[in-house]
Every structure is written in C-alpha cells, then in structure tokens.
Amino acid sequence: MGLLLDEEFAFANIREIVAKAAELGNFVRIDMEDIACTDSTIRLYRQMREEFPEHVGLVLQAYLRRTGADIEGLSDAAMNYRLCKGIYNEPRTAAWKNPDTINRSFVSALERMFKHKTYVGIATHDEGLVFESLELIDQYGLRPEEYEFQMLLGVDEELRQILVDAGHRMRVYVPYGASWMPYSRRRLRENPSIAKHALRQMLGMKRF
Ligand SMILES: Cc1cc2nc3c(=O)[nH]c(=O)nc-3n(C[C@H](O)[C@H](O)[C@H](O)COP(=O)(O)OP(=O)(O)OC[C@H]3O[C@@H](n4cnc5c(N)ncnc54)[C@H](O)[C@@H]3O)c2cc1C
C-alpha cells in the first residue's frame, strides 16, 4: 500500500479499497506490521473508521507494551479488532519478551476490549489462550455473533474444529494469489521460528 513511502499515498490507496468494500457491504481488516508502522497504521485506522465505521477494523498485538493505552486512546468511537500475540522480533523497550507475560498481556487486552463492548477476532492457536478467551466470553455473557476466533490455514485444524463444534465462529486466514511464494518467504524472514512450527504441522506432530 506504500505506507513507508508516503502516508498520504498509502491512505489514498487504502481508502479506495475500504470504500469499495463498504459499497459491497464487506469489511477490511488492516494488518499490523512492525513498530515502525504502528503509529501510522493507527492514524490510518482512525481516519478510515470515521468515514466507514462498519467496514474497517485493525489488528493490535499483545506483545507491545503500548497496546492497553492504544485501546483506550481509540475508545472514543466503536472499535473492531483482531487481537494477536504479534509476530515481529521487536526490541524489549517496545515489547514484552517473556512468553507468559505476552499471554497475560493478551488476556488483559482482550478483557479491556470486551469492557468497551468491542467486536474482537481472537487470533491464536495457543490452547491456553483459547481457554482464557472462553472464560472471558462466558464472564461477559457474549453471544457467538459478538466475537470470533481466527486461525491460520493448516494450523491445528483439530482445535479449530473443537471450537466450531462448540458453536463459536471461526475465520481462517488464507494467503492466496500469484505472489504466495514471496509473501510466505517474507513471513519466514520476519520470524524464522515459524519454520519450526510449520515443519511440526507438516509432520503432524502436536505440541500442547
Ligand atoms: C488470523 C491471524 C492473523 C494474524 N495477523 C497478524 C498481524 O496482522 N500482525 C502480526 O504481527 N501478527 C499476526 N498474526 C500472527 C500472530 O501474531 C502470532 O505470531 C501467531 O498467531 C502465533 O501465535 P499464537 O497465538 O498462535 O501462539 P504460539 O504460541 O506462537 O503458537 C501456538 C502453537 O500454534 C502453532 N503455530 C503457530 N503459528 C504457526 C504457524 N505460522 N505455522 C504452523 N504452526 C503454527 C504451533 O504449534 C504453536 O506451538 C496473525 C495470526 C493469525 C492467526
């Protein structure tokens, strides 16, 4: 979209896509990249939300120390998020590094979102976090149409099915199109530990 080239240029490109989605009654979720993009992506979301409140959402990352403050900062209008742990290797000054702390931050951010009556796409394959999310869903008395789970295609299909069978909504993230190879290579460069996960999934080895 050109965000790192020129913010106005990127805004114009993304506005065109969100406007088309709105015209078709569809929805655009703006992914979150590394911390060089966090502020500008939030500005972009804020601007799109003003014009197309029902048709655009943002991703927030639980590993960022700022996420709680970002939720509060954006709570002056209806919000719609995907919450994930975050995939980039960020410096300690910006991000929690300990996996248990990241998980606590995930739960805390999710609760903050539910308190603000926010629609959340709960994006995780971590069964412990799925458990904590279900506890919060129960505690806040949410109906299935008030949240959804999200997982990557090919990752822990069994857990995916367990959630669907229990009546929860599930969205599956599917990379597609001619550039799938450069896209996948870029994801691997961003976080080489994915290769280990992917290999384990391909070999059918599970880790809980
Ligand atoms: C729908 C969706 C959209 C996302 N969008 C963004 C985004 O916009 N910005 C961003 O920074 N991050 C994004 N992510 C990635 C996210 O931040 C995490 O890095 C990723 O989901 C792994 O975290 P986890 O919660 O599944 O827990 P983890 O503890 O990392 O993983 C739990 C288990 O799931 C399996 N697993 C996890 N990831 C993979 C994989 N890629 N391949 C194979 N097995 C795997 C492994 O068995 C692992 O042990 C997205 C994730 C999902 C599901």
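We count residues from 1, following the sequence as given. Counting starts at 1 for both ligands and their atoms, following the listed order.
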Legend entry - salt bridge (charged side-chain N to carboxylate O under 4.0 Å, His left out) partners for E111, two or more places apart: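 By the salt bridge (charged side-chain N to carboxylate O under 4.0 Å, His left out) rule, E111 matches no residue at all.
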Legend entry - Heavy-atom closest pair, residues D6 and F9: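 Looking at all heavy atoms of both residues, the closest pair is OD2-N, 2.8 Å.
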Those atoms of ligand 1 less than 4.0 Å from some heavy atom in [X]:
{"X": "V155", "value": "35 (C), 36 (N), 40 (C), 42 (N), 43 (C), 44 (N), 45 (C)"}
{"X": "T124", "value": "24 (P), 25 (O), 26 (O)"}
{"X": "Q150", "value": "1 (C), 53 (C)"}
{"X": "G86", "value": "11 (O), 16 (C), 17 (O), 19 (O)"}
{"X": "A123", "value": "2 (C), 52 (C), 53 (C)"}
{"X": "Y88", "value": "11 (O)"}
{"X": "D31", "value": "8 (O)"}

Legend entry - pair N80-R29: side-chain heavy atoms closer than 4.5 Å: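 The answer is yes; the side chains approach within 4.5 Å.
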Legend entry - Test item: I14 and V56 side chains (from C-beta on) under 4.5 Å apart, heavy atoms: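 No. Closest side-chain heavy atoms not under 4.5 Å.
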I need the contact type for [X] against ligand 1. Using non-hydrogen atoms and a strict under-4.0 Å cut-off, is it side chain, backbone, both or neither?
{"X": "M151", "answer": "backbone"}
{"X": "R171", "answer": "neither"}
{"X": "V59", "answer": "side chain"}

Legend entry - Residues M113, M79; criterion side-chain contact (heavy atoms from CB on, under 4.5 Å); working and verdict: CA-CA 8 Å; M113 289 172 181; M79 304 179 278; 6.0 Å; no
Inset, instruction - Could you give me the CA-CA distance, side-chain angles and deciding distance for R49 and D76, then say whether salt bridge (charged side-chain N to carboxylate O under 4.0 Å, His left out) is met? - result: CA-CA 11 Å; R49 180 178 71 169; D76 53 339; 3.2 Å; yes
Does [X], backbone or side chain, put an N or O under 3.5 Å from an N or O of ligand 1?
{"X": "Y173", "value": "no"}
{"X": "R82", "value": "yes"}
{"X": "K85", "value": "yes"}
{"X": "C84", "value": "no"}

Legend entry - Aromatic plane relationship, H168 with Y147 - under 30° parallel, 30 to 60° tilted, over 60° perpendicular: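 Ring orientation of Y147 relative to H168: tilted.
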Legend entry - Aromatic ring pairing Y81/Y45, orientation class (parallel under 30°, perpendicular over 60°, tilted between):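 The arrangement is tilted - the two ring planes meet at 30° to 60°.
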Inset, instruction - With F52 as reference, evaluate Q47, E23, R15 under the side chain to side chain contact (heavy atoms under 4.5 Å, CB included) test and give the passing residue. - result: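 Between F52 and the candidates, side chain to side chain contact (heavy atoms under 4.5 Å, CB included) is satisfied uniquely by R15.
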Inset, instruction - If a pair satisfies side-chain hydrogen bond (donor to acceptor under 3.5 Å, both in side chains) and one of its residues is in residues 52-61, list it, with sequence neighbours excluded. - result: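 Counting only pairs at least two positions apart or across chains, no side-chain hydrogen bond (donor to acceptor under 3.5 Å, both in side chains) contact touches residues 52-61.
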Legend entry - Minimum non-hydrogen distance to atom 22 (C) of ligand 1, winning option of H125, E90, Q61: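 Residue with the shortest heavy-atom distance to the ligand atom: H125.
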